[in-house]
Amino acid sequence: MSTFLLVHGAWHSGRAWERVAPLLESTGHRVLTPSLTGYGEKAHLLSPEVGLDTHVDDVVTLIEDEDLTDVILVGHSYAGLVISSVVNRVPDRIAHLVYLDAMVPEDGETAVDVQPVSQIMIDRSAESGTGWRIPPLPEQPAPFGLFGVTDPADVAWLRGMLSDQPVLCLQQPVRLDNPAANAIPRTHIHCVGAKPAGVVRRPVPAIQPNGSPAQVRELPTGHDCMITMPAELSELLLKL
């Protein structure tokens, strides 16, 4: 059986995986869904000093404290930066990387480099007077909804877990300088439903860093597929 470590994206918390975790566990797998510093039950730890490096430390510490090996490491959205840096630090503990509608950085890049619309959020935060924290994105009319979630009950549930995103998370660069990380296979899962203006997705190179063909899967839904299509997402993860 495998160990799945599911890392949520910006503004969310570990609760985002509540519909996926039981489906993976029901087949005998171990599933961990931590909330990163500043989110969910750790929202009280939010501060200007919380950044990408903080969140990488969160995940690496969990892996080492739990002595996890052969981990299937899944990063949603912003957490594509997190898992990229995690595998750079502990490649011997990771069996597979999954970029779930996620940012996929190159060495030295920030979230702004990967997703330039992030700079607009940072600028608006500065203009509003908060400076170091970015409120959750507002709900938009269908089909965009709230992070791609449109069902009213689901939107209400999702809104209840969201908290502000520290600006530093979007400004700190990843460090991808460990050649051993290139050997780890990776899968990209793209949510191909309605996409808000300004959001871009880089093409996935035809060949993975380990030399094998790219593995790209698609889900016909919005960004938060763990909420809108948990069964279909779980099926894809179980096929890795």
Side-chain angles (χ1 to χ4, degrees), residues 4-27 29 31-36 38-43 46 55 72-83 98-104 111 115 117-118 120-121 124 133-165 169-170 187-201 216-240:
F4 287 89
L5 177 48
L6 312 179
V7 186
H8 65 82
W11 298 290
H12 292 58
S13 76
R15 290 181 58 205
W17 305 103
E18 284 186 1
R19 298 177 181 179
V20 173
L23 298 177
L24 300 177
E25 291 170 336
S26 68
T27 61
H29 300 291
V31 182
L32 295 91
T33 60
S35 290
L36 301 173
Y39 308 99
E41 69 276 15
K42 300 177 182 176
L46 188 73
H55 295 154
I72 297 175
L73 183 60
V74 181
H76 178 241
S77 194
Y78 153 76
L81 303 177
V82 178
I83 67 170
V98 180
Y99 290 91
L100 180 58
D101 218 35
M103 298 184 186
V104 185
Q115 194 65 257
V117 72
S118 302
I120 297 175
M121 303 178 202
R124 288 176 179 170
R133 57 198 295 170
I134 303 171
L137 300 179
E139 182 181 358
Q140 300 181 53
F144 306 109
L146 185 63
F147 296 101
V149 178
T150 57
D151 178 83
D154 287 345
V155 168
W157 177 75
L158 173 58
R159 186 181 288 116
M161 84 169 69
L162 300 178
S163 55
D164 290 357
Q165 170 83 351
C169 295
L170 307 181
T187 296
H188 300 261
I189 300 177
H190 294 163
C191 298
V192 295
K195 184 170 61 175
V199 176
V200 297
R201 177 183 292 127
V216 181
R217 306 290 183 263
E218 294 183 348
L219 288 172
T221 188
H223 187 53
D224 277 6
C225 59
M226 71 287 293
I227 296 173
T228 57
M229 298 188 75
E232 293 84 351
L233 172 58
S234 298
E235 183 178 354
L236 290 180
L237 294 177
L238 291 171
K239 289 180 178 178
L240 297 175

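Because only heavy atoms are used, hydrogens play no part in the values below, and waters and symmetry mates are left out as well, while side chains stay in. Treat the numbers as computed from the prediction; the structure is a model and nothing was measured.
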Next item on the list: Kindly compute the distance separating OG (Ser77) from CG (Asp224), expressed to the nearest 0.5 Å.
Entry: 8.0 Å

Checklist line | Distance-minimising heavy-atom pair for Gly160 and Arg15 | finding: O-NH1, 4.3 Å

Note to self: Between Leu238 and Leu24, is there a side-chain heavy-atom distance shorter than 4.5 Å?
What the structure shows: yes

Checklist line | Check: Leu23 and Arg19 side chains under 4.5 Å, non-hydrogen atoms | finding: no

Item checked: Minimum heavy-atom distance Ser234-Val20, with the two atoms named -> OG-CG1, 3.5 Å

Next item on the list: Hey, could you give me the CE/OH distance between Met161 and Tyr39, rounded to the nearest 0.5 Å?
Entry: 13.5 Å

Next item on the list: Would you confirm whether Ser35, through its side chain, and Gly14, through its main-chain N or O, come within 3.5 Å as a donor-acceptor pair?
Entry: yes

Notebook entry, point to check: Between atom CG of Leu32 and atom CG of Leu73, what is the distance when rounded to the nearest 0.5 Å?
Noted result: 11.0 Å

Item checked: Approximate separation, where rounding is to 0.5 Å, of Thr27 OG1 and Phe4 CZ -> 7.0 Å

Notebook entry, point to check: Can you find a heavy atom in the side chain of Leu162 that is under 4.5 Å from one in the side chain of Leu146?
Noted result: yes

Margin query: Show the nearest heavy-atom pair for residues Ala102 and Gly80, with the distance to one decimal.
Written below: CB-CA, 3.9 Å

Check: Once you round to the nearest 0.5 Å, how far does CD1 of Ile134 lie from CD1 of Ile120?
Finding: 11.5 Å

Check: If we only count heavy atoms from C-beta on, is the His223 to Pro196 side-chain gap below 4.5 Å?
Finding: no

Margin query: Just so I know, are the side chains of Trp157 and Ile227 near enough to count as touching, which here means a heavy-atom distance under 4.5 Å?
Written below: yes

Checklist line | Shortest non-hydrogen contact from Asp164 toward Pro135 | finding: OD1-CA, 3.3 Å

Check: Should Leu233 and Leu100 count as side-chain neighbours, where that means a heavy-atom distance under 4.5 Å?
Finding: yes

Next item on the list: Could you tell me whether a side-chain N or O of Asp151 sits under 3.5 Å from a main-chain N or O of Asp154, the two making a donor and an acceptor?
Entry: yes

Margin query: Nearest 0.5 angstrom please: Met121 CE to Leu137 CG, how far?
Written below: 5.0 Å

Next item on the list: Check the angle between the aromatic planes of Trp11 and Phe147 and answer parallel, tilted or perpendicular using the 30° and 60° thresholds.
Entry: tilted

Checklist line | Side-chain heavy-atom pair Leu237, Ile189 within 4.5 angstrom cut-off | finding: yes

Notebook entry, point to check: Is Pro34 close to Leu5 at the side-chain level, that is, under 4.5 Å between some pair of heavy atoms?
Noted result: yes

Next item on the list: State which residue, out of His76, Arg201, His188, fulfils the side-chain hydrogen bond (donor to acceptor under 3.5 Å, both in side chains) condition with Asp101.
Entry: Arg201

Checklist line | Option from His8, His12, His55 for which side-chain hydrogen bond (donor to acceptor under 3.5 Å, both in side chains) with Tyr78 holds | finding: His55

Margin query: So which atom in Gly198 and which in Gln115 form the shortest heavy-atom distance, rounded to 0.1 Å?
Written below: O-OE1, 3.8 Å

Notebook entry, point to check: Looking at Ser163 and Gly38, what are the two nearest heavy atoms and their distance?
Noted result: OG-O, 3.4 Å

